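Everything on this sheet refers to the single structure shown next.
What you are looking at is a predicted structure, and each value in this text was computed from that prediction instead of being measured.
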Amino acid sequence: MKDDNKFLDYELEQAESIMEWFNNHLESPLDYLNAQKLRKADIFISWFKISAKKHISKVREFVVLLESKGIVVEKIRTERPGKIVYSDEYQVFAKPFEKY
């Protein structure tokens with residue numbers, strides 16, 4: 001976002017604030033996934049559990065910021081997300097059965 005020069009200083013500060021919030025309120029599954037020896041080329045999809053209301057709200061703030069600059073954000077819906085490889089109190093990661 002910084003290199004794109006589309007964002008004003010206050011917008012970058014807002015984005016940094018949101019990302020800092022996630023750093024403080026959400027576990028990263030990367031250590032777990034790396035320990036499972038999954039290939040780096042593997043693609044995962046992730047979602048928040050419905051109970052993660054504050055997390056979802058923060059993502060929506062970030063999406064509004066991105067879309068205000070013409071950046072397309074897509075929400076994918078599926079009933080077959082794939083094999084779940086990580087889950088915690090707020091989020092789930094899955095290795096999809098199909099390409100998205």
One should read off an interatomic distance between Y86 OH and L33 CG, to the nearest 0.5 angstrom, of 8.0 Å
Q: Using a 4.5 Å cut-off on heavy atoms from C-beta on, say whether the side chain of P81 contacts that of W47.
A: yes
Looking only at heavy atoms, the pair that brings E11 and L65 closest together is O-CD2, 3.6 Å
Do K6 side-chain atoms and L66 backbone N/O form a donor-acceptor pair below 3.5 Å? no
With sequence neighbours left out, the residues meeting side chain to side chain donor-acceptor pair (under 3.5 Å) with K53 are none
Closest non-hydrogen atoms of F44 and P96, given as atom of the first, atom of the second and distance, are CA-CD, 4.1 Å
Could you walk me through whether R60 and I56 satisfy the side-chain contact (heavy atoms from CB on, under 4.5 Å) test, starting with their C-alpha distance in whole Å, then the side-chain angles of each, then the deciding distance to 0.1 Å, before giving a yes or no? CA-CA 6 Å; R60 288 183 175 147; I56 294 167; 3.7 Å; yes
Taken in chain and number order and not counting sequence neighbours, the residues that satisfy side chain to side chain donor-acceptor pair (under 3.5 Å) with E74 are none
One should read off an interatomic distance between F22 CZ and E27 CD, to the nearest 0.5 angstrom, of 13.5 Å
Subject >> K49 vs S87, side-chain contact (heavy atoms from CB on, under 4.5 Å): CA-CA, chis, key distance, verdict >> reply: CA-CA 9 Å; K49 294 178 178 178; S87 179; 3.2 Å; yes
F48 meets the ring pair (Phe, Tyr, Trp, His ring centres under 6.0 Å) criterion, sequence neighbours left out, with H55
Taken to the nearest 0.5 Å, the spacing of E20 CD from I18 CD1 works out to 12.0 Å
Linking I/L/V/M/F/W/Y whenever any side-chain heavy atoms sit under 4.5 Å apart, do V64 and V73 land together?
no
Any chance the side chains of Y90 and D88 put a donor and an acceptor closer than 3.5 Å?
no
When every non-hydrogen atom of P29 is compared with those of Q91, the smallest separation belongs to CD-NE2, 4.2 Å
By side chain to side chain donor-acceptor pair (under 3.5 Å), N5 pairs with (sequence neighbours left out) none
E67 meets the salt bridge (charged side-chain N to carboxylate O under 4.0 Å, His left out) criterion, sequence neighbours left out, with none
Connected to Y10, directly or through other members, by ILVMFWY side-chain contacts below 4.5 Å are L8
Rounded to the nearest 0.5 angstrom, the NZ-NE2 distance for K58 and H25 is 8.5 Å
